[in-house]
There are 2 protein chains.
Amino acid sequence: MQLSPLVQSFVLHFGEMGSRWGINRTVGQIYALLFVAERPLNADDLVDMLGLSRGGVSMGLKELQSWNLVQLRHLPSDRRDHFTTPDDVWAIMRTLVEERKKREIDPTLTTLRDLLMARPQSDGDAHAQARMAAMHDQIELLTTWYADIQKLETERLVQLLSLGSRIAKALEFKDKFLVLPGGKKGAAS
Amino acid sequence: MQLSPLVQSFVLHFGEMGSRWGINRTVGQIYALLFVAERPLNADDLVDMLGLSRGGVSMGLKELQSWNLVQLRHLPSDRRDHFTTPDDVWAIMRTLVEERKKREIDPTLTTLRDLLMARPQSDGDAHAQARMAAMHDQIELLTTWYADIQKLETERLVQLLSLGSRIAKALEFKDKFLVLPGGKKGAAS
DNA sequence: GAGTTATTTCAATAATTATTGAACATACTG
DNA sequence: CAGTATGTTCAATAATTATTGAAATAACTC
């Protein structure tokens, strides 16, 4: 089967971007097609529409499943596996962030913690540990913030994002006139 | 020159993670070493300490400069180029987000806009465009939010992050009792 | 300007990663 | 059970990316 020029362009773009996103062209194309498809597609559909090998599609789908980016579906009176992407783009984004965090951030956080436990053997080590501590604390603050935000319902998350830095304005105000919970008065800027 | 075991571990970890972060081992190691170094290092230092080739270090530094992740420095009475990473880990993170956005998100946003301008040729196309529009709007909301947040001073950003979802609690409260600027009453959840 | 030092470039090669397609495995069907 | 449909694995190969090191370039020094 033949893709429309519109879908074709979308699929090719995702294939090309794949390498920048840390996935390969095949996986990018499969995901793109599933994302815009009107109905769940099976492996043969993907082979047909994308011109990829049978094995490649199988491996690509396996990878997408490991990322929790596609869902396996079964259609009545068809025993082939069909695949879809979730409808909710916000759910997709949460998954993406979650998985990237797991693969790209958590291992570093663990390594940093290990290295910060070691006794420094020199001035150089002490300085290195101070830098690692700064990095660790920053990553930890970000991931804690994310874990917190991540629990919000989509509606409220969108609301929060739409508000943007107007929240910071409010903070500024509060900072000028109120006493913080820790008992420390915020510095007026 | 020889790296201490502590720094060695850190450097090797960044080298290994490099591939997951879309940079190569060489670049990861160079960055890691510059990040923890007590003083600016020149290319020879890096060749010595990391055991890389002269050319590799030159190319690695060029890439890091294109990411704005290292700064070129000149020391008095030494004409060699020396390099450092910025001291402020928050500044580093801003750079990182900025650059990744530029490389990984902006091209897709452009493509989506182009494809959304096209007249759909079929029901399939119309559905595909609806999906692309959802993706586009989400990315745009996120990037707009980021552009907004990004202007904050570090101190206030940290404050905002520390607050986390407590802000959402406040929103929930407001949503229950207040009328939104648009004149629409928020639904009580 | 001849020599020296610092840096970049780039062709060759090494290493890694992606992709195919045929063989294998599994599970239905009559 | 033989035949068929579906899905996976994996060795071979293609394609891409990383890395080296020698040659070229540039920029100083005496």
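Note on naming: letters A, B, ... go to the chains in the order of the sequence lines (proteins, then strands), and numbering restarts at 1 for each one.
A donor-acceptor contact closer than 3.5 angstrom is absent between the side chains of A:Asn68 and A:Thr95.
Rounded to whole angstrom, the span from the CD atom of A:Glu63 across to the P atom of C:dT17 amounts to 12 Å. Atom pair A:His74:NE2 and D:dT6:P shows a separation of 11 Å (rounding to whole Å applied). Distance B:Ile23 CD1 to C:dT17 P: 14 Å, rounded to the nearest Å. One atom, CG of A:Asp78, and another, C1' of D:dT6, lie 10 Å apart when rounded to the nearest Å. Here D:dT4 presents its P atom at 17 Å from CZ of A:Arg80, a figure rounded to the nearest Å. Per the geometry, CG belonging to B:Leu46 stands 14 Å off P belonging to C:dA6, to the nearest Å.
Residues satisfying the ring-ring contact (aromatic ring centres under 6.0 Å, His included) criterion with B:Phe83, sequence neighbours excluded, are absent altogether. Not a single salt bridge (Lys or Arg N to Asp or Glu O under 4.0 Å) links B:Asp137 to another residue, sequence neighbours left out. Legend: residues meeting salt bridge (Lys or Arg N to Asp or Glu O under 4.0 Å) with B:Asp148, ordered by chain and number and at least two apart, are B:Lys151. Every residue two or more places apart in sequence or in another chain that forms a salt bridge (Lys or Arg N to Asp or Glu O under 4.0 Å) with B:Asp44 is listed here: B:Arg54. With sequence neighbours excluded, the residues satisfying salt bridge (Lys or Arg N to Asp or Glu O under 4.0 Å) with B:Glu99 are B:Lys102, B:Arg103.
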So which protein N/O to nucleotides 27-30 of chain D N/O distances come out below 3.5 Å?
none

Listing time: all N or O pairs from protein to nucleotides 8-12 of chain D that are below 3.5 Å?
residue	atom	partner	partner atom	Å
D:dT8	OP2	A:Ser58	OG	3.0
D:dT9	OP2	A:Lys62	NZ	3.2

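For the salt bridge (Lys or Arg N to Asp or Glu O under 4.0 Å) condition, the pairs that include at least one residue of residues 108-120 of chain B, sequence neighbours left out, are B:Arg113-B:Glu140.
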In residues 25-40 of chain A, what donor-acceptor pairs under 3.5 Å come from side-chain atoms, sequence neighbours left out?
none

Result block: side-chain N/O donor-acceptor pairs under 3.5 angstrom for residues 8-16 of chain B, not counting sequence neighbours:
residue	atom	partner	partner atom	Å
B:Ser9	OG	B:Pro5	O	2.9
B:His13	ND1	A:Thr111	OG1	3.0
B:His13	NE2	A:Thr108	OG1	2.9

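Within residues 25-44 of chain A, the residues having any heavy atom closer than 4.0 Å to DNA chain C are, in order of number, A:Arg25, A:Thr26. Taken residue by residue, residues 10-17 of chain B places no heavy atom nearer than 4.0 Å to DNA chain C.
A salt bridge does not link B:Glu153 with B:Arg94: every distance from a Lys NZ or Arg NE/NH1/NH2 to an Asp or Glu carboxylate oxygen is 4.0 Å or more.
More than 12 heavy atoms of other shown residues, nucleotides or ligands fall within 6.0 angstrom of atom CG in B:Asp78.
When side chains are defined from C-beta on, A:Leu6 does not count as touching B:Gln121, because their heavy atoms never get closer than 4.5 Å. Side-chain contact between A:Gln159 and A:Arg156: present, with at least one pair of heavy atoms (C-beta onward) separated by less than 4.5 Å.
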